[in-house]
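Notes for the one structure printed next.
Protein chains get the first letters and strands the later ones, always in sequence-line order, with residue 1 at the start of each.
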Amino acid sequence: MTKVRTRFAPSPTGSLHLGGVRTAFYNWLFARQNKGTFVLRIEDTDAERSTEESAKGIIESMQWLGLNWDEGPFFQSERLGIYFDHLEKLRKAGHIYPAFDTQEELDEMRAIAKKEKRNPIYDRRALKLTEAEIKQKMDAGEPFVWRFKVPDTEYTEIPELLMGEPDEHKIRNSTIGDFIITRPGTNDNPGMPLYNFACVIDDALMDITHVIRGMEHLPNTPKQVLMYKALGYKVPQFIHLPIIMKNNKKMSKRDKDYDPNFPVSILERRDLGYLPDATLNFIALLGWSHPESQELLTPFEILENFSVDRLNKANPNFDEQKYMFINGWHVKNRHDYELVETVTPHLEKAGYDLSAYSKSDLEKMMAMEKERCHLLSQFPEALKFFFITPESYEEKGIRKSFYVPEADFILETTVKMISALTDEEMNRATLDSKLAAMVMDLGIKYGIVGPIIRLAITGRTKTPGLAEIIEVLGKDETVKRLENARAFIKTLPPLPVESEATA
RNA sequence: GUUCCCAUCGUCUAGUGGCCUAGGACAUCGGCCUCUCACGCCGGUAACACGGGUUCGACUCCCGUUGGGAACGCCA
């Protein structure tokens with residue numbers, strides 16, 4: 001049994017998007033699981049659209065996701081000699097022929113085909129050219145492309161593992177048409193190889209055993225199989241994955257209702273605070289399911305359980321809410337110290353000064369908020385009150401808590417209690433019991449006291465627990481804020497009558 | 001239009017002829033927990049596209065209809 005070899009072969013014409021991540025991940029999984037080899041190849045034969053920046057972005061994305069490759073990255077632009085050698089081989093064997101048709105002529109042919117409700121396949125007019133005619137045109141420097149002569153055998157069989165009939169997929173050759181394998185060029189200045197050509201040569205030469213890619217490539221596959229055969233190479237197994245949709249449409253950044261809050265670019269997702277493990281977890285579930293129906297998985301658990309026969313054939317829809325939920329789960333299950341590292345850039349980006357807090361303080365903040373934040377980018381807002389002393393208070397909270405007649409007295413009592421604490425007592429557990437005892441003494445319900453203190457020290461009505469906050473905030477800052485709030489309450493105008501009326 | 005692919009709750013899915021009165025997850029709606037929020041826990045609503053076969057028996061197999069998707073590039 002030959003060793004499994006898979007590859008991910010993106011074109012560097014933009015950022016790696018979520019659909020590409022799925023393809024890359026499945027290839028990676030399949031290789032890793034079979035103790036095989038995973039190859040990264042950059043398909044940059046389209047000089048017009050390919051950019052170095054995109055290639056870098058793709059590599060960065062793969063690294064960020066942890067999808068490590070064993071060979072590559074190979075760049076097709078550096079392998080042109082190989083393709084031209086193969087072109088020569090095909091030419092000598094009579095598998096290809098030059099075509100001098102202009103773009104306009106081809107457009108016209110397609111228009112006619114459409115009008116006649118036919119599949120627009122090439123009519124082989126260039127095949128009628130005599131040797132002499134061809135030579136004359138070539139010598140004159142007329143640009144031409146190379147077309148592959150599709151054999152007249154009735155069917156081409158695709159070894160497809162997922163789609164269609166089990167293990168077999170037949171396409172009628174009459175529906176294929178002689179496809180172009182190079183861009184236009186002349187004898188002196190040959191045209192660049194095209195996808196269906198370069199891809200086959202590379203997959204063959206790189207000994208790829210399983211080609212796992214999106215369904216949109218299924219119609220290319222018979223052409224490629226024909227190419228393998230013409231070249232005398234072994235045809236690999238194909239696995240065509242269903243296309244990831246969004247609102248039942250192909251997910252794309254060219255989409256009309258594309259929402260920048262939900263980017264398709266994986267690097268943009270990263271900047272928004274999505275975690276690589278969560279991304280892989282969510283993406284894996286788009287078309288694959290765990291044998292025991294578990295859904296919250298680490299990459300390792302996915303690897304342990306992945307199998308091609310649990311792949312789904314129908315196009316899945318990309319569900320942002322589930323992605324967010326899964327991300328939240330992964331955030332929640334990260335160690336606080338890891339979170340400090342990944343969240344710190346987000347806090348700095350928000351302009352916060354972290355110097356007032358120790359590493360352990362920051363870890364405590366993570367512990368406080370990680371069950372609330374589904375995205376890393378939500379931490380700055382959630383943690384804002386630790387870095388910025390509140391200058392105003394939530395309107396709703398003021399009405400509900402600061403207008404309580406005992407509010408000032410409660411805050412005063414709290415100030416006294418906190419001030420009397422030793423440094424050793426400034427910990428969560430002690431603060432908890434001290435607060436409870438104070439509430440008991442006050443004889444007022446915690447449900448009233450708590451919100452008043454909360455609002456005073458954070459300016460908000462919804463936060464983590466009071467003891468945790470005070471512990472991290474420290475004695476001085478807490479007291480300062482409590483006094484601020486007392487001063488604020490004194491400036492409060494009498495409760496407007498209308499608020500009663502509107503209630 | 002042509003060729004190809006697909007079809008279970010709103011969404012992702014389990015299901016490979018009897019275990020299905022169709023299971024789980026997200027979302028949603030109730031409730032519990034609680035100093036708030038969140039987390040967590042408990043519970044509810046919600047699906048086999050339709051029509052024919054095959055079979056003792058069909059969500060599962062076959063055919064058709066309908067619906068959805070992809071490709072039809074001198075892009076990949």
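- To the nearest angstrom, P of A70(B) lies 22 Å from CZ of F238(A).
- The pair R486(A)-D408(A) meets the salt-bridge criterion, with a side-chain N (NZ, NE, NH1 or NH2) lying under 4.0 Å from an Asp/Glu carboxylate O.
- If you take atom P in C19(B) and the same atom in C61(B), they sit 16 Å apart, rounded to whole Å.
- Using C1' as the reference atom, G15(B) and C39(B) are 32 Å apart when rounded to the nearest Å.
- For the pair L218(A) CG and C4(B) P, the interatomic distance rounds to 11 Å; values are reported in whole Å.
- The nucleotide whose nearest atom lies closest to any side-chain atom of K250(A) is, among C5(B), A71(B), C72(B), A71(B).
- A salt bridge does not link E468(A) with K364(A): every distance from a Lys NZ or Arg NE/NH1/NH2 to an Asp or Glu carboxylate oxygen is 4.0 Å or more.
- T221(A) and R213(A) form a side-chain donor-acceptor contact under 3.5 Å, judged by distance and modelled atom types alone.
- Side-chain to base pairing of N315(A) with A70(B): no donor and acceptor N or O lie closer than 3.5 Å to each other.
- Phosphate contact (OP1/OP2 of C4(B), side-chain N/O of N119(A), threshold under 4.0 Å): absent.
- Here S293(A) does not reach the OP1 or OP2 of U13(B): none of its side-chain N or O atoms lies under 4.0 Å away.
- In this structure, E292(A) atom CD and G23(B) atom C1' are separated by 14 Å, rounded to whole Å.
- By the 30° and 60° cut-offs, the orientation of the rings of Y122(A) relative to Y97(A) is parallel.
- Look at A25(B): its Watson-Crick or wobble partner, with both distances under 3.5 angstrom, is U11(B).
- Straight-line distance between the C1' atoms of C59(B) and C48(B): roughly 5 Å, to the nearest whole Å.
- Salt bridge absent: K462(A) and E369(A) never bring a charged side-chain N and a carboxylate O closer than 4.0 Å.
- An OP1 or OP2 oxygen of A14(B) is reached within less than 4.0 angstrom by a side-chain nitrogen or oxygen of S289(A).
- Base pairing analysis places A58(B) opposite nothing; no Watson-Crick or G-U wobble pair with both distances below 3.5 Å involves it.
- In terms of phosphate contacts, R310(A) brings a side-chain nitrogen or oxygen within less than 4.0 Å of OP1 or OP2 of G15(B).
- Comparing atom distances between the A314(A) side chain and each of A71(B), G73(B), A7(B) picks out A7(B) as nearest.
- Across all strands shown, C50(B) is found opposite G64(B) as a Watson-Crick or G-U wobble partner, with both distances under 3.5 Å.
- Checking A71(B) for Watson-Crick or G-U wobble geometry (two distances, each under 3.5 Å) identifies U2(B) as its partner.
- The listed nucleotides are C74(B), C75(B), A27(B); the one nearest the side chain of D46(A) is C75(B).
- Nucleotide U45(B) forms no Watson-Crick or G-U wobble pair with any nucleotide shown, as no partner meets the under 3.5 Å limit on both distances.
- Nucleotides C42(B) and C4(B) place their P atoms 50 Å apart, quoted to the nearest Å.
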Inset, instruction - Check the pair F25(A) / L67(A) against side chain to side chain contact (heavy atoms under 4.5 Å, CB included), numbers first and verdict last. - result: CA-CA 7 Å; F25(A) 189 32; L67(A) 300 180; 3.6 Å; yes
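- Separating the C1' atom of G69(B) from that of C56(B) is a span of 39 Å, rounded to the nearest Å.
- Comparing the C1' positions of U11(B) and G51(B) gives a spacing of 28 Å, expressed to the nearest Å.
- Minimum atom distance to the side chain of E295(A) is reached by G24(B), of the listed G24(B), C5(B), C74(B).
- Of all nucleotides listed (G69(B), C26(B), C35(B)), C26(B) comes nearest to the side chain of K322(A).
- Among A71(B), C74(B), U3(B), the nucleotide with an atom closest to any side-chain atom of L194(A) is C74(B).
- One finds no side-chain N or O of K249(A) lying less than 4.0 angstrom from the OP1 or OP2 phosphate oxygen of G68(B).
- For A7(B), the base has no donor-acceptor partner in the side chain of K313(A) [N/O atoms by modelled type, under 3.5 angstrom].
- A side-chain donor from one of D202(A) and Q76(A) sits under 3.5 Å from a side-chain acceptor of the other.
- To the nearest angstrom, C1' of C75(B) lies 13 Å from CG of D44(A).
- Counting to the nearest Å, the C1' atom of A25(B) and the CE atom of M324(A) are 17 Å from each other.
- Between R110(A) and U2(B), a side-chain N or O to OP1/OP2 separation shorter than 4.0 Å is absent.
- Counting any heavy atom pair closer than 4.0 Å across all strands shown, G177(A) reaches no nucleic acid atom.
- One can place CG of D432(A) at 14 Å from P of U34(B), the figure rounded to the nearest angstrom.
- Using a 4.0 Å cut-off between charged side-chain N and carboxylate O, R334(A) and D277(A) make no salt bridge.
- Toward the 5′ end of RNA chain B lies the nearest nucleotide of F318(A), the other residue of the pair Y323(A) and F318(A) mapping further downstream.
- Residue L286(A) places its side chain closer to C12(B) than to any other of C12(B), A76(B), C74(B).
- Salt-bridge annotation for K322(A) and E295(A): present, with a side-chain N of the basic residue lying under 4.0 Å from a carboxylate O of the acidic one.
- Using P as the reference atom, C26(B) and U65(B) are 40 Å apart when rounded to the nearest Å.
- Residues R172(A) and N317(A) both approach RNA chain B. Their nearest nucleotides, taken by heavy-atom distance, put R172(A) toward the 5′ side.
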Under 3.5 Å, which protein N or O atoms sit close to an N or O of nucleotides 39-50 of chain B? Give each pair with its distance.
unit_1: C39(B); atom_1: O3'; unit_2: K332(A); atom_2: NZ; d: 3.0
unit_1: G40(B); atom_1: OP1; unit_2: K332(A); atom_2: NZ; d: 3.0

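- Classified by interplanar angle (parallel below 30°, tilted 30° to 60°, perpendicular above 60°), the ring pair F148(A)/F179(A) is parallel.
- Taking atom CD1 of I302(A) as the reference point, atom P of A25(B) lies 18 Å away to the nearest angstrom.
- Relative ring orientation between H240(A) and F238(A) is described as parallel, the plane-to-plane angle staying below 30° on a 0-90° scale split at 30° and 60°.
- Computed from coordinates, the Q294(A) CD to U13(B) P distance equals 18 Å when rounded to whole Å.
- Rounded to whole Å, the P atom of A46(B) lies 11 Å from the corresponding atom of A22(B).
- Look at R183(A) and you'll find a side-chain N or O under 4.0 angstrom from OP1 or OP2 of C75(B).
- Candidate nucleotides C6(B), C26(B), A70(B) were compared by shortest atom distance to the side chain of E216(A), and A70(B) ranks first.
- With both pairing distances under 3.5 Å, G40(B) is matched to C32(B) as a Watson-Crick or G-U wobble pair.
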